[in-house]
Amino acid sequence: LFISGISITLPEIEWHMVGAKLLDGGELYIDIYYPIGPLSAQVYRLLSLLAPNGYLIYRILGLLLVIVQAVIFNYGLIQYKAYNQNTYVPSLIYVILMMGMEDYITLSPQLMGLTFVLISVNYTFRIIEGRKRADEDFLKIGLFSGLAALFYPLYIVLIIPILIALIFFTNTIVRRYLLLVFGAFLPIFLTWLKFYWYNQLNEFYFNLDFLLMAGNESALISWKGILGIILIPGLVLLYSFFRVMQSLGFINYQVRLQKYYFLYVIFGMLIVILDYHKASHILIVLIPVMA
């Protein structure tokens, strides 16, 4: 339905225009002022080359990415024993929730960046589990978080619940926290270096404010509309949190994972509040914790 009966959304048109302009030789943040992460912009540039007049490719690739994410998500839950039973139900729910709105499965910056968020969450589970805590795992958490931010800058916020969980649920030494932070800012620093090299730092800083600061000038959906979309799944999520917290069937480690996801939903809501466009696809940041 979402692919064959396609109705093009305004963000998709904007992403396509950004890609076409980059393909014509324009420079992001210099010739093109648009709140988009640099890696997302390069993906749209490639898609403009492959499908100059097509939007169907956004939906097909988005759907494939959702399936890949469901696998990554469920793999982490099984590998690190989030539940007492090995089950694929969370991946099924993940895919069903991703079908909740037509623009959820389009190839948005939020969807592309969420892939790297899920990978960093899996490494966080690995550390909280405690069987193996290697320095490179902390570095990987940071690197994948930084890559997620280059697709969708507000994803950098999600490094905060990871740090809080590691501080309270593990006895991690300071060096490893520094490795995590170093890994997160390395991709961002390399992006900064490009603008520094070409003497374009003023444009970079201006667009950084543009990317991270809240605004309603280009809101595509009202807060009432967002509340309408999230109300029922949000109530189910709240109810499930209470049910899980009251359950006696989980060990301490599993309870820590549940508390991490509680922190995740708090900072996920912060991302929804800060997002510049207020489009419905920003809500996919909450789908992993709902699933």
Side-chain angles (χ1 to χ4, degrees), residues 66-101 104-105 110-111 114-115 117-131 141 145 148 155 157-170 223-275 280-291:
V66 165
I67 295 170
V68 170
Q69 288 178 0
V71 172
I72 295 171
F73 172 68
N74 213 110
Y75 170 82
L77 296 180
I78 292 176
Q79 179 74 12
Y80 303 113
K81 306 295 182 185
Y83 296 102
N84 294 322
Q85 296 174 330
N86 290 339
T87 173
Y88 295 98
V89 172
S91 62
L92 173 65
I93 298 174
Y94 186 93
V95 174
I96 291 172
L97 288 172
M98 277 292 188
M99 300 297 167
M101 296 290 290
Y104 282 9
I105 62 165
Q110 289 89 341
L111 184 65
L114 189 60
T115 308
V117 169
L118 291 172
I119 296 172
S120 68
V121 168
N122 283 354
Y123 277 109
T124 303
F125 283 4
R126 180 174 177 171
I127 292 169
I128 293 175
E129 186 189 27
R131 283 187 296 180
I141 291 173
S145 298
Y155 276 151
V157 171
L158 293 180
I159 205 168
I160 301 175
I162 291 176
L163 287 170
I164 294 174
L166 294 180
I167 289 170
F168 286 98
F169 304 149
T170 68
W223 284 114
K224 183 178 179 181
I226 288 179
L227 182 62
I229 296 169
I230 204 173
L231 182 61
I232 293 176
L235 289 174
V236 173
L237 175 65
L238 191 63
Y239 171 74
S240 67
F241 264 124
F242 281 115
R243 284 297 302 270
V244 167
M245 294 298 182
Q246 292 173 355
S247 174
L248 300 176
F250 294 105
I251 61 176
N252 288 338
Y253 156 70
Q254 293 168 329
V255 172
R256 289 175 192 153
L257 299 189
Q258 294 156 9
K259 289 177 179 178
Y260 163 74
Y261 264 131
F262 186 75
L263 292 169
Y264 178 105
V265 78
I266 293 173
F267 287 92
M269 285 302 301
L270 178 62
I271 289 175
V272 172
I273 293 170
L274 292 176
D275 188 276
S280 56
H281 63 263
I282 65 175
L283 296 172
I284 66 172
V285 66
L286 300 174
I287 284 182
V289 71
M290 290 181 175

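Fair warning: this is a prediction, and the values are worked out from it, not measured in the lab.
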From Leu111 CG over to Met98 CE, what is the distance, rounded to the nearest 0.5 angstrom?
5.5 Å

Separation of Leu283 CG from Ile271 CD1 (nearest 0.5 Å):
11.5 Å

Is the count of non-hydrogen atoms from other residues, nucleotides or ligands lying under 6.0 Å from Tyr253 atom OH greater than 12?
yes

When you look at CG of Leu227, are more than 12 heavy atoms from neighbouring residues, nucleotides or ligands closer to it than 6.0 Å?
yes

State whether the side chain of [X] and the backbone N or O of [Y] hold a donor-acceptor pair below 3.5 Å, judged by distance alone.
X: Tyr83; Y: Ile78; value: no
X: Gln254; Y: Ile251; value: yes
X: Asn122; Y: Ile72; value: yes

Are the side chains of [X] and [Y] in touch, meaning some heavy atoms are under 4.5 Å apart?
X: Ile105; Y: Met99; answer: yes
X: Leu97; Y: Tyr104; answer: no
X: Tyr261; Y: Val244; answer: no

Can Tyr94 and Asn74 be said to form a side chain to side chain contact (heavy atoms under 4.5 Å, CB included), step by step?
CA-CA 9 Å; Tyr94 186 93; Asn74 213 110; over 6 Å; no

Only one of Ile230, Ile93, Ile284 passes side chain to side chain contact (heavy atoms under 4.5 Å, CB included) with Met290, and that residue is Ile230

